[in-house]
J.: 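Following this message is one structure expressed as structure tokens.
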Amino acid sequence: MRDHAIFAALWAALTAAGLWVVERLLLPALPVAAAAEAETIDHSFALLARWSVPVAAFVFVMLAFAAVRFRARDPEGEESPVATRDNRWFSWSWLVLTAALNVYFILGPGVGGLQKLAQGSDQAALVVRVHATQWSFTFEYPQYGVTVKDQLVLPVGQRVRFEVTSDDVIHSFWVPAFRMKTDAVPGTTRVIYVTPNRRISTEIDPTARVQCAELCGVGHAQMRALLNVVDADQFQEWLVAEASGGDTGAGH
Ligand SMILES: [Cu+2]
């Protein structure tokens, strides 16, 4: 019984320390979130990060405790532990608890989260075609006849349909601030939906940018584009200016 109490105390202590790290160091270190999708993703990430702490702590403490407490001080003497080959209570508890946790994760952040990401996809008002090439992104706004290189300008609060493809090798269209990413594959088009919900700009926050996330050659690390999420009327002004070859400055 004393072993159980010591084990429980160590487990609780390591869990508390781990949760402190998750809450104070890990979650606050996430890059800026600027889309409705980012909230769904971050919610799932935080949930899994928090739950992984007691589970990992249990395994680590169990290993360390068993190694120290039941080490072979005197292999021939009375101190040797009795091997327990069949502890049904523990086996079944472990099986039921971990299975229940897994089902919860599959249904909760898994199926539920994906459903939330797909919500309202047919209402996307703005289409942006993303062409990835070695080593830059070109953004085409087919509804407005506008094409720009290495800068993505979006209106805040509008659902956007991104049609992503590549002209040469496999790239990946990734916007960390949106927590959304999809491969850019030559010969095919992949679609993701994003609803930016916060005005951001790469100039103000360097983590708010478009970044290639698939090793695509020597220029991969530099394959990024500016991101600018602006007000709807500012976006319209920018479109008009781009269509006539000018520039309002919204993209800079
Ligand atoms: Cu790349």
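Atoms within each ligand, like the ligands themselves, are counted from 1 in listed order. The chain is numbered in sequence order, starting from 1. As the structure is a computational prediction, the values presented were derived from the model and not from experiment.
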J.: Report yes or no: does R209 contribute a side-chain atom to a donor-acceptor pair with the main-chain N or O of P206 at less than 3.5 Å?
T.: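 Looks like yes, one N/O pair under 3.5 Å.
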J.: What protein N, O or S atoms come within a distance below 2.8 Å of the Cu ion (ligand 1), ordered by chain and number?
T.: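 N, O, S partners closer than 2.8 Å: C212 SG, E214 O, C216 SG, H220 ND1.
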J.: Got a sec: does the CZ of R224 have more than 12 other heavy atoms crowding it under 6.0 Å?
T.: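 Yes, CZ of R224 has more than 12 neighbouring heavy atoms, counting only those of other groups under 6.0 Å.
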J.: Please determine whether ring pair (Phe, Tyr, Trp, His ring centres under 6.0 Å) holds for the pair F137 and W174, giving the CA-CA distance in whole Å, both sets of side-chain angles, and the decisive distance to 0.1 Å.
T.: CA-CA 11 Å; F137 288 101; W174 179 37; over 10 Å; no
J.: Tell me whether the rings of F235 and Y144 are parallel (<30°), tilted (30 to 60°) or perpendicular (>60°).
T.: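 Correct class here is perpendicular.
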J.: Whether the side chain of N197 engages the backbone of A35 through a donor-acceptor N/O pair (distance < 3.5 Å, no angle test) should be reported.
T.: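 Yes.
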J.: Do T195 and R159 pair up side chain to side chain, a donor and an acceptor below 3.5 Å, judged on atom types alone?
T.: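 Distance-only check passes for T195 and R159.
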